[in-house]
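For reference, the structure is listed below as structure tokens.
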Amino acid sequence: MEPVTLTTSRLLLRTVGPEDTDAVYAAAQDPDIQRWTTIPSPYLAEHARTFTEELAPKGWANGSILTFALFLPEGEELVGMLSLTMHSLSMAEIGFWGTKEHRGNGYVTEAVVEVSRWAFTELSVDRVEWRAEVGNNASRAVAERAGFVIEGVLRSAIIHQGVRRDSWVGALLPSDLGLASTAPYLPAPASTSGVQW
């Protein structure tokens with residue numbers, strides 16, 4: 001599929017290209033980004049080049065990973081990165097990070113809501129799932145502010161730097177943003193008393 005550009009009241013969301021390699025490389029030097037995401041550590045210039053020139057464009061071309069860079073419109077200063085990994089026709093997993101200099105401004109939360117809304121309305125996605133290593137409180141705060149419901153802990157669900165780690169999991173549904181699903185949703189009953197196994 002062709003890359004899509006989205007806008008919010010404060011952000012320009014577009015894919016990355018060779019012109020963004022230096023900004024991605026500089027941002028990814030942040031120890032917090034290397035600690036909590038799956039990017040290579042140490043993060044070298046060649047990693048940024050491969051990401052902006054190969055991985056991100058291929059993800060859009062085959063519809064598997066849709067990457068958006070988050071920019072302030074004036075001057076296109078990079079404030080974060082977000083991707084949707086398409087797991088099925090109706091479910092995607094969202095991942096994101098914010099640049100150190102721009103954390104605390106709500107930019108990533110704003111982008112998460114906008115990209116999720118786009119996925120629900122334009123891609124017929126019915127569930128956007130968020131996962132983060134247990135302890136990544138900043139990522140969890142963004143997810144919760146964006147409306148995600150934290151559903152639990154997945155044991156040994158993430159491999160980071162060669163170590164298996166527990167993961168929080170949460171989800172955002174179209175109804176959480178006041179939108180309709182492509183298929184009817186039947187939530188579990190409030191009580192399962194009387195069920196015999």
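Here, residue 1 is the first one in the sequence, and each next residue gets the next number. For clarity, every value in this text was computed on a predicted model and none was experimentally measured.
A heavy-atom distance below 4.5 Å is not found between the side chains of Ser139 and Glu133. Side-chain contact between Val79 and Phe71 is absent, with no heavy atoms from C-beta onward closer than 4.5 Å. In this structure, Val128 and Phe148 have side chains that are in contact, with non-hydrogen atoms separated by less than 4.5 Å. Using a 4.5 Å heavy-atom cutoff, the side chains of Thr109 and Phe96 are not in contact.
When each of Arg165, Gln161, His160 is paired with Val163, the side chain to side chain contact (heavy atoms under 4.5 Å, CB included) condition holds for Arg165 and for no other.
Smallest separation of non-hydrogen atoms from Ser41 and Gln34: OG-OE1, 2.6 Å. Here the closest heavy-atom approach between residue Trp36 and residue Val134 is recorded as CZ3-O, 4.2 Å. Taking both residues in full, the closest heavy atoms of Leu172 and Ala146 are given as CD1-O, 3.8 Å, listed atom of the first, atom of the second, then distance. Closest of all the heavy-atom pairs between Val108 and Leu70 is CA-CD2, 4.0 Å. When all heavy atoms of Phe120 and Val125 are compared, the pair lying nearest together is CD2-O, 3.1 Å. Closest non-hydrogen pair, Val16 versus Ala69, comes out as CG1-CB, 3.5 Å.
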**Message:** Between Phe51 and Asp20, does the side-chain contact (heavy atoms from CB on, under 4.5 Å) criterion hold? Intermediate values first, please.
**Reply:** CA-CA 10 Å; Phe51 174 69; Asp20 305 305; over 6 Å; no
**Message:** What verdict does the side-chain hydrogen bond (donor to acceptor under 3.5 Å, both in side chains) test give for His102 and Glu77, after you've listed the backbone C-alpha separation in whole Å, the side-chain angles of each residue and the deciding distance to 0.1 Å?
**Reply:** CA-CA 10 Å; His102 293 286; Glu77 183 178 353; 2.7 Å; yes
**Message:** Checking Thr99 against Asp30 for the side-chain contact (heavy atoms from CB on, under 4.5 Å) test, could you report, in this order, the C-alpha distance in whole Å, the side-chain angles of both residues, the deciding distance, and whether it holds?
**Reply:** CA-CA 8 Å; Thr99 60; Asp30 178 1; over 6 Å; no
**Full working for side-chain contact (heavy atoms from CB on, under 4.5 Å) between Arg127 and His87** = CA-CA 10 Å; Arg127 176 181 168 91; His87 288 298; over 6 Å; no
**Request:** Using the side-chain contact (heavy atoms from CB on, under 4.5 Å) rule, take Lys100 and Asp32 through it: C-alpha gap first, then chi angles, then the decisive distance, then the call.
**Result:** CA-CA 8 Å; Lys100 186 174 188 174; Asp32 285 335; 5.7 Å; no
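Going from atom OG of Ser175 over to atom CG of Asp126 covers 9.5 Å, rounded to the nearest 0.5 Å. The distance from the CD atom of Glu74 to the CG atom of Leu12 is 10.0 Å, given to the nearest 0.5 Å. Note that CD of Glu144 and CD1 of Ile150 are 4.5 Å apart. Values are rounded to the nearest 0.5 Å. Taken from CG in Asn62 to CE in Met86, the straight-line distance is 11.5 Å, to the nearest 0.5 Å. Distance check, rounded to the nearest 0.5 Å: OG of Ser167 to CD1 of Ile158 gives 3.5 Å. Atom CG of Leu82 sits about 8.5 Å away from atom OG1 of Thr67, to the nearest 0.5 Å.
Classification of the Phe68-Trp60 ring pair by plane angle, with boundaries at 30° and 60°, yields perpendicular.
Hydrophobic clustering (ILVMFWY, side-chain heavy atoms < 4.5 Å, transitive): Leu177 and Trp130 are in one cluster. The cluster map of Ile, Leu, Val, Met, Phe, Trp and Tyr, joined by side-chain heavy atoms under 4.5 Å apart, puts Leu11 and Leu6 in the same cluster. Both Met81 and Tyr43 are assigned to one and the same hydrophobic cluster, defined by single-linkage of ILVMFWY side chains at heavy-atom distances under 4.5 Å. One hydrophobic cluster, built from ILVMFWY side chains closer than 4.5 Å, cannot hold both Leu84 and Trp97; they sit in different ones. Note on Ile94 and Met1: same hydrophobic cluster, where clusters join Ile, Leu, Val, Met, Phe, Trp and Tyr whose side-chain heavy atoms are under 4.5 Å apart, directly or indirectly.
Side chains of Thr8 and Glu114: no donor on one and acceptor on the other come within 3.5 Å.
The closest donor-acceptor contact from the side chain of Asn105 to the backbone of Tyr107 lies at 3.5 Å or more, if one exists at all. The backbone N or O of Pro18 lies less than 3.5 Å from a partner atom in the side chain of Thr21, making a donor-acceptor pair. Counting only distance, with no hydrogens or angles, the side chain of Arg164 and the backbone of Ser156 share a donor-acceptor pair below 3.5 Å.
A 6.0 Å sphere centred on CG of Leu154 holds more than 12 heavy atoms belonging to other residues, nucleotides or ligands.
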